[in-house]
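Heavy-atom basis, side chains included; hydrogens, waters and symmetry copies ignored.
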Amino acid sequence: MLIRIFSTVILCLISASSIAQSQSQSQPNIVFILADDLGAHTLSSDGNDIMETPHLDQIAAQGMKFTRGYANAATCKPARAAIMSGQYGPRTSIYRVVDRHKMRGKPDLSNNIKFIVPPNASHLALENVTIAESLKAAGYTTGHFGKWHLEKYKSYLPDTQGFDVSYESHKVHFGAKVNVDQKVLPKDVYIGDYMTDKAIDFMNDAVAKKKPFFTYLPYFLIHKPAEGKSEDIAYFKKKLGADYDDTTIKVAAMTKALDDNVGRVLAKLKDLGIDDNTLVVFTSDNGGYKMLNNVLNGNLRAYKGEIYEGGLRVPYLFRFPGKIKAGQTNSEMVMGIDLYPTLMAFANAKAGQKELDGENLMPLLVGDTNVLAKRDLFWFFPKWERYNSKTNTWHNAWRNVINDGRYKLIQYPDTDHVEVFDLKNDPQESKNIAKNNPEITEQLVKKLEQWKIDISAHKEIPNPNYLVK
């Protein structure tokens, strides 16, 4: 009798252990690291010999790196909204960081715009079911540590969008204000280091409680102001000498600080013994900002804020030991909206968001396939900035984009002008082939217009009060 009871207990323990192991395997931890303004040529593994990013290069070497990764927007806020919601901008109505045509304290230039300006949502609506909310519903504990940028007047912070723990800060790297009790950190505390400390505490706690976790680390690095740690600045001054300007030296120091903190996160995963059951994802919100020699974007055209490749192209790195084979590169086009369905697939979680615009990249990452189904990528960017009163023109006005994998069309509604580039033969976008290829141009315009209809994008409604004739 005792033997039977003992055997039953052993079987129950084995069964419970198997269930726990199964749950552990079906719900991996997820660490999502989002850099700020880090371009497609910023990492040393991308050929940048100024920057030093050994830990980010390690993620690439131990997993899969995408060579044609795109941000959903050329600026921070709309790109972050697309990631968190899994949706293109027309679904969230988040298009601009600020309305530069009517800045506070300056004249309202709305009537110097040919069209009625599509309204810009101040925050991500609570009706949106974010990545964090979907993972939380699947049993994850969720933590946010860094820049959110989807709020309004200190409301709608990450704790309203599915995060159990939230530390939010941006604008400065030293002496930053954090949303928790509106605490101002000491002047010698670097915000990137602080956020990593908090993320590590969160992961320690989750492991102690045996909970799968989603750690979202949207660092403010390497966004301006150019504020590096003194030891890192000194290091790059010695390394680079007088051949580089002060901004390049400081940005190199900031990039090193970002990489050092990524290294701390990777080391913690190993120390906790969860390295093999954690998916690590790294990307950036948009292309790098304008710098001497376009150091953040390499030979790509332009930079942050522009819809040429330099403003949109960003790294995408995925690492999951045992699930994602090491040392892989993939040339498929991927985008911020793809992260939501991809993380859901790895977590065996159901997406709470009703409409997702991205594709699940898991089959690519685990080797089930090498290609995605053919698709086009789109950008909808109704933004106006830098008005020239002498010429009655805007430096940047409304722009929409379609990229079919080879050809990229940029539509300028204000001037009824288009550009088409053959990215296969002209990745630097140096030659507009629209006029010489009317069939290609017409086909791309037709698909772009149909996409606008399908997604209920704001229409180009003439402004009855337009002042410029």
Side-chain angles (χ1 to χ4, degrees), residues 27-28 30-35 66 69-95 120-121 123-138 140 142-144 146-151 156 158 160-163 214-218 279-286 312 314 316-318 332-365 372-373 375-381 401-403 451-452 454-457:
Q27 288 192 301
I30 299 171
V31 175
F32 175 25
I33 302 167
L34 181 67
F66 287 88
Y70 285 93
N72 265 88
T75 54
C76 309
K77 189 173 182 176
R80 292 164 187 269
I83 288 172
M84 273 293 113
S85 67
Q87 296 180 329
Y88 278 117
R91 295 199 198 276
T92 65
S93 293
I94 296 179
Y95 303 124
N120 187 45
H123 61 278
L124 186 63
L126 296 181
E127 291 75 16
N128 277 281
V129 182
T130 66
I131 291 175
E133 288 173 307
S134 289
L135 289 174
K136 187 174 179 177
Y140 279 73
T142 56
H144 168 279
K147 176 179 175 179
W148 179 240
H149 214 190
L150 298 174
E151 74 281 4
Y156 307 105
T160 70
Q161 293 281 17
F163 287 97
F214 173 50
T215 302
Y216 179 37
L217 264 165
L279 170 66
V280 177
V281 181
F282 173 81
T283 187
S284 177
D285 58 352
N286 47 251
L312 297 175
V314 292
Y316 280 86
L317 312 177
F318 294 79
E332 286 291 290
M333 293 194 304
V334 297
M335 203 179 207
I337 51 174
D338 297 331
L339 294 175
Y340 199 137
T342 301
L343 297 189
M344 295 305 109
F346 274 101
N348 285 313
K350 182 180 179 180
Q353 188 76 292
K354 290 182 179 179
E355 295 177 292
L356 291 177
D357 292 320
E359 295 291 332
N360 173 19
L361 305 179
M362 186 176 178
L364 285 177
L365 293 165
L372 290 173
R375 64 168 173 169
D376 303 317
L377 300 184
F378 299 93
W379 290 264
F380 189 80
F381 202 25
V401 182
I402 176 174
N403 182 341
W451 173 77
K452 289 184 201 175
D454 294 342
I455 206 167
S456 300

Residues Leu312, Trp379; criterion side chain to side chain contact (heavy atoms under 4.5 Å, CB included); working and verdict: CA-CA 10 Å; Leu312 297 175; Trp379 290 264; 3.6 Å; yes
Audit row: Tyr340, Val129, side chain to side chain contact (heavy atoms under 4.5 Å, CB included) steps and yes/no: CA-CA 11 Å; Tyr340 199 137; Val129 182; 4.0 Å; yes
Test side chain to side chain donor-acceptor pair (under 3.5 Å) applied to Asn128 and Gln353, step by step: CA-CA 7 Å; Asn128 277 281; Gln353 188 76 292; 3.0 Å; yes
Worked check of side chain to side chain contact (heavy atoms under 4.5 Å, CB included) between Phe32 and Leu339: CA-CA 10 Å; Phe32 175 25; Leu339 294 175; 3.6 Å; yes
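Within the 3.5 Å criterion, the main-chain N or O of Gln27 finds no donor-acceptor partner in the side chain of Asn348. Remark: side-chain polar atoms of Asn403 are not paired, donor with acceptor, to backbone N or O of Leu377 under 3.5 angstrom. Under a 3.5 Å cut-off, the side chain of Gln161 and the backbone N or O of Leu124 do form a donor-acceptor pair. At least one donor-acceptor pair closer than 3.5 Å links the side chain of Glu133 to the backbone N or O of Thr130. Side chain of Thr342 to backbone of Leu361: a donor-acceptor contact under 3.5 angstrom is found. Judged purely by atom type and a 3.5 angstrom limit, Thr142 uses its side chain to pair as donor or acceptor with the backbone of Gly162. The main-chain N or O of Phe378 is found under 3.5 Å from a side-chain atom of Tyr88 such that the two form a donor-acceptor pair. Side-chain N or O atoms of Gln87 include none that pairs as donor or acceptor with a backbone N or O of Thr92 at under 3.5 Å. Side chain of Tyr316 to backbone of Gly336: a donor-acceptor contact under 3.5 angstrom is found.
Considering only heavy atoms from C-beta on, Pro218 stays 4.5 Å or farther from His149 through its side chain. Inter-residue side-chain proximity for Thr283 and Leu34 is flagged as met; some heavy-atom pair is nearer than 4.5 Å.
Minimum interatomic distance between Thr75 and Asn286 (heavy atoms only, all atoms of both residues): C-OD1, 3.1 Å. What you find for Ile337 and Gly86 is that their closest heavy atoms are CG2-C, 3.8 Å. Minimum interatomic distance between Ala138 and Ala349 (heavy atoms only, all atoms of both residues): CB-CB, 3.6 Å. When every heavy atom of Pro90 is checked against every heavy atom of Tyr95, the shortest pair comes out as CA-OH, 3.4 Å. Taking each heavy atom of Ile30 and Ala347 in turn, the nearest pair found is CD1-CB, 4.2 Å.
Listed by chain and residue number, Gln411, Glu449, Glu460 satisfy the side-chain hydrogen bond (donor to acceptor under 3.5 Å, both in side chains) test with Lys452 (two or more places apart in sequence, or in another chain).
Interatomic distance, CE of Met335 versus CD1 of Ile83, reported as 10.5 Å (0.5 Å rounding). Expressed to the nearest 0.5 Å, how far CZ of Phe163 lies from CZ of Phe214 amounts to 5.0 Å. To the nearest 0.5 Å, atoms CG (Asp338) and CD (Glu359) are separated by 6.5 Å. One distance of note links CG of Asn72 with CG of Asp285; it measures 11.0 Å at 0.5 Å rounding. For the atom pair Ser134 OG and Met344 CE, the distance stands at 5.0 Å (nearest 0.5 Å). To the nearest 0.5 Å, atoms CG (Leu150) and OH (Tyr156) are separated by 13.0 Å.
For the side chain to side chain contact (heavy atoms under 4.5 Å, CB included) with Val281, the qualifying choice from Ile33, Val31, Leu343 is Leu343, the only one to do so.
Classification of the Phe66-Phe318 ring pair by plane angle, with boundaries at 30° and 60°, yields perpendicular.
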